[in-house]
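Proteins get letters first, then strands, A, B, ... in listed order; numbering begins at 1 in each. Heavy-atom basis, side chains included; hydrogens, waters and symmetry copies ignored.
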There are 4 protein chains.
Amino acid sequence: MSDKKTRILEATEKLLSQYGFHGISMQMVAKEAGVAAGTIYRYFDDKNDLLHQLHHHILSYVAEKLSQNVSDDMPLKCRFRTMWLNLWEMATQDGAPLLTRGQFENLPRSDSPEQQQLEKQLFAKVDRLFDEGKAQGLFKPLDNDILSVLSLEPSACLARKHANGICTVTDDALEAAIEACWDAILQH
Amino acid sequence: MSDKKTRILEATEKLLSQYGFHGISMQMVAKEAGVAAGTIYRYFDDKNDLLHQLHHHILSYVAEKLSQNVSDDMPLKCRFRTMWLNLWEMATQDGAPLLTRGQFENLPRSDSPEQQQLEKQLFAKVDRLFDEGKAQGLFKPLDNDILSVLSLEPSACLARKHANGICTVTDDALEAAIEACWDAILQH
Amino acid sequence: MSDKKTRILEATEKLLSQYGFHGISMQMVAKEAGVAAGTIYRYFDDKNDLLHQLHHHILSYVAEKLSQNVSDDMPLKCRFRTMWLNLWEMATQDGAPLLTRGQFENLPRSDSPEQQQLEKQLFAKVDRLFDEGKAQGLFKPLDNDILSVLSLEPSACLARKHANGICTVTDDALEAAIEACWDAILQH
Amino acid sequence: MSDKKTRILEATEKLLSQYGFHGISMQMVAKEAGVAAGTIYRYFDDKNDLLHQLHHHILSYVAEKLSQNVSDDMPLKCRFRTMWLNLWEMATQDGAPLLTRGQFENLPRSDSPEQQQLEKQLFAKVDRLFDEGKAQGLFKPLDNDILSVLSLEPSACLARKHANGICTVTDDALEAAIEACWDAILQH
DNA sequence: GATGAATGAGGTTTCATTCAT
DNA sequence: AATGAATGAAACCTCATTCAT
């Protein structure tokens, strides 16, 4: 991908996590990316397109990062723990991406069928984890969407609050939180 | 509270849930509320103030609704279930308020200490629930903030997705989700 | 009509005759009219609308001026002469209106049926003149549109060239030109 | 003349007749001409120069086409008729050139003396026609500019309206119009 | 108190022009 | 000679805010 395009996307991501959608202007993006305002329009149709492409960009990044160091032959719990922590680290260490993810949920949605199809693919490993767990009778028999909300969403949510200083999460608490999320989907 | 002020707040809330923060203008608010644009400035310093006061307004509403039909002498599980469902209903039945709540988290933060203090008070019943549960050794010994993320946040999150049609939650799944959230914070 | 709206229309007309369509900006119009740029948008949807409304405004003016001092009981030649000179005077004395009229013919057309209907009405007296002349066997049996091009258009065209200094038209030449236009439509 | 330069001029002409002066950009011209934007600046100083050179280009074309099949030893009326129809055909058959000519009259004028001198030369045959006619006492003793407006301008004007569908001109009407224009300048 | 016309700074976007390749 | 990515000034338009009524 063109160097300039990447810089524009990264600048947008950074500003987005800092100011939210309202409050960032194309001029700000241009300045942050170190390009002229007009240059943005060589790579993006308009502001909306920039946002949508960023959405896609981040989604790809999240999907990749989320599945990092996870292979389908690892034990279920190990896979879960790794993904949970991948999620946590994205939000707390890398800074922007996941933080901003919270923002995307309030967008003029781009719920094209392709987009949904893509999202499914991106999170394939998560789906396989839940599917296997349910097949083994280990997990509660719920839709993957729901299992995801119960066990992974709290990771992102907690990370956001931790990063924003709303609450502090110690290492012990972190381990306990992972355990709690595991408990949530486990068949007791 | 003045009739006009209430109408302005309600108009803002409605528009907010529909268009997001960017994309609503003071003129739109005025028109929706049935007042003149200038009138808004009798009750609010500026747009920011309007948004902050709305935040507070909704927070109060949520706190009240959240604790509805909950008294401290009810069994813990019953209190939990009621609050979980209160949360669910706010987002799925009332429409705007909670849905838009997702938007508030991306505001130029008003994290003044007073605001945090206020939020604490508003959610006092939730705190008491968690405190009692931990005292009885029933709940995991974690901060209330964390317990809240683990057990109540999924309600709001699920409700949002359900209301937006991203996933469908049957009555049975709903009951199972409540149970799962309870499992999450329970000492096993 | 609002004072401001009139001032904006007049400013646009003046600038249009001076710079043509390209080369006038909303800022220029605002400055010339002595209003803020944003004010224009209280009275006009956008630049296009401003142009279209101006078109209509000028058309009305032209139609009124064109028929000035003309009544249907005057002799045909006298009516013709008066209208021919009305046209001439609009372009040479008043300055802007007719000069700019040349510009409107190159617009993204607003050829709505209503618009065409309106134009017909506006130039009713011209039509009556031609109709009577043909009924008397005095004029050539041609469409009014064509008769108009042959006998009145030259007035506007000549006036434009005269006003722009492209050619000079003496009083004698003017009388001769009127006579020539009359000759053009006369049955010989 | 360079192939590229010709293509650029022709592209400009085509776009001009379609969009008018405002509404064509150098990028559009480049695309239509099949060259890079920067290439235009090898042949033209700037946009203004492009427009002026196009003006000249078209003027030459019109002058050539106007005098086509006209020689000074043909009878006056025959010469007149031929030129009148040449004008008519340019606007109705060739499409762009003359139609757009209407646009040139609203340009940031390039009324340099040389330009006017040039125009005189280009339309020499027309001048000779009028001069001879006046010398023979056949035409009215008016400036050639005026005679031209009276007798040839209506051809262009009518053609424009015909091509734009504003009015329809049958073959009979066309002949009558020519006759009428001839009547206009004839000494009666 | 209430209004809404008016403001003008600032938003998004376009486009004539340049310049490294 | 030719390209086309990049520029940034300036275009059109919006909108938070003010103020005379």
Rounded to the nearest angstrom, tell me the gap between atom NZ in B:Lys4 and atom P in E:dA2. 4 Å
Which heavy atom in C:Tyr43 sits nearest to a heavy atom in C:Ile8, and how many Å separate them? CD1-CD1, 4.0 Å
Cationic tip of D:Lys47 within the cone over D:Tyr41's six-membered ring, i.e. under 6.0 Å and within 45° of the normal? no
Atom of B:Ala36, atom of B:Ala30 and distance for their closest heavy-atom approach: C-CB, 3.9 Å
Taken to the nearest whole Å, CD/D:Gln27 to C1'/F:dA11 is 15 Å
If pairing means Watson-Crick or G-U wobble with both distances under 3.5 Å, then the partner of F:dA1 is none
Between D:Gly34 and A:Val35, whichever has its closest DNA chain F nucleotide further toward 5' is D:Gly34
Between E:dG11, F:dT18, E:dA16, which nucleotide has the shortest distance from any of its atoms to the side chain of D:Met26? E:dA16
Starting at the 5' end of DNA chain E and moving along, which residue's nearest nucleotide shows up first, A:Met28 or B:Ser2? B:Ser2
5'-most by nearest nucleotide on DNA chain F - A:Ala36 or D:Ala36: D:Ala36
Taking atom P of F:dC13 as reference, at what distance in whole Å does atom CG of C:Asp49 sit? 10 Å
Within this structure, what is the NZ-to-P distance between C:Lys47 and F:dC13, rounded to whole angstrom? 8 Å
Pick one: which of A:Lys14, A:Gln27, A:Arg7 meets side chain to side chain donor-acceptor pair (under 3.5 Å) with A:Glu32? A:Lys14
As a test of reading the structure: which of F:dT17, E:dT12, E:dT17 is closest to the side chain of B:Asp46, going by heavy atoms? F:dT17
From OH of A:Tyr41 over to P of F:dA10, roughly how many Å is that when rounded to an integer? 18 Å
Identity of whatever pairs with E:dA16 - Watson-Crick or G-U, under 3.5 angstrom: F:dT7
Kindly point out which of F:dT3, E:dA2, E:dT12 is positioned nearest to the side chain of B:Tyr43? E:dA2
Find the distance C:Lys5:NZ to E:dA5:C1' and express it as a whole number of Å. 15 Å
Please give, in whole Å, the distance from E:dT18 P to D:Ile40 CD1? 13 Å
Please pick, from E:dT3, E:dT18, F:dC12, the nucleotide with the shortest atom-to-atom distance to any side-chain atom of B:Thr39. E:dT3
Give the rounded distance in Å between these two atoms: CZ of B:Phe44 and P of E:dG1. 13 Å
Is A:Leu50 touching bases, backbone alone, or none of the nucleic acid, heavy atoms closer than 4.0 Å? nothing
Please check if the number of heavy atoms outside A:His56 that lie under 6.0 Å from its NE2 is greater than 12. no
Nucleotide of F:dT14, F:dC15, F:dG4 approaching A:Arg42 most closely (side-chain heavy atoms): F:dG4
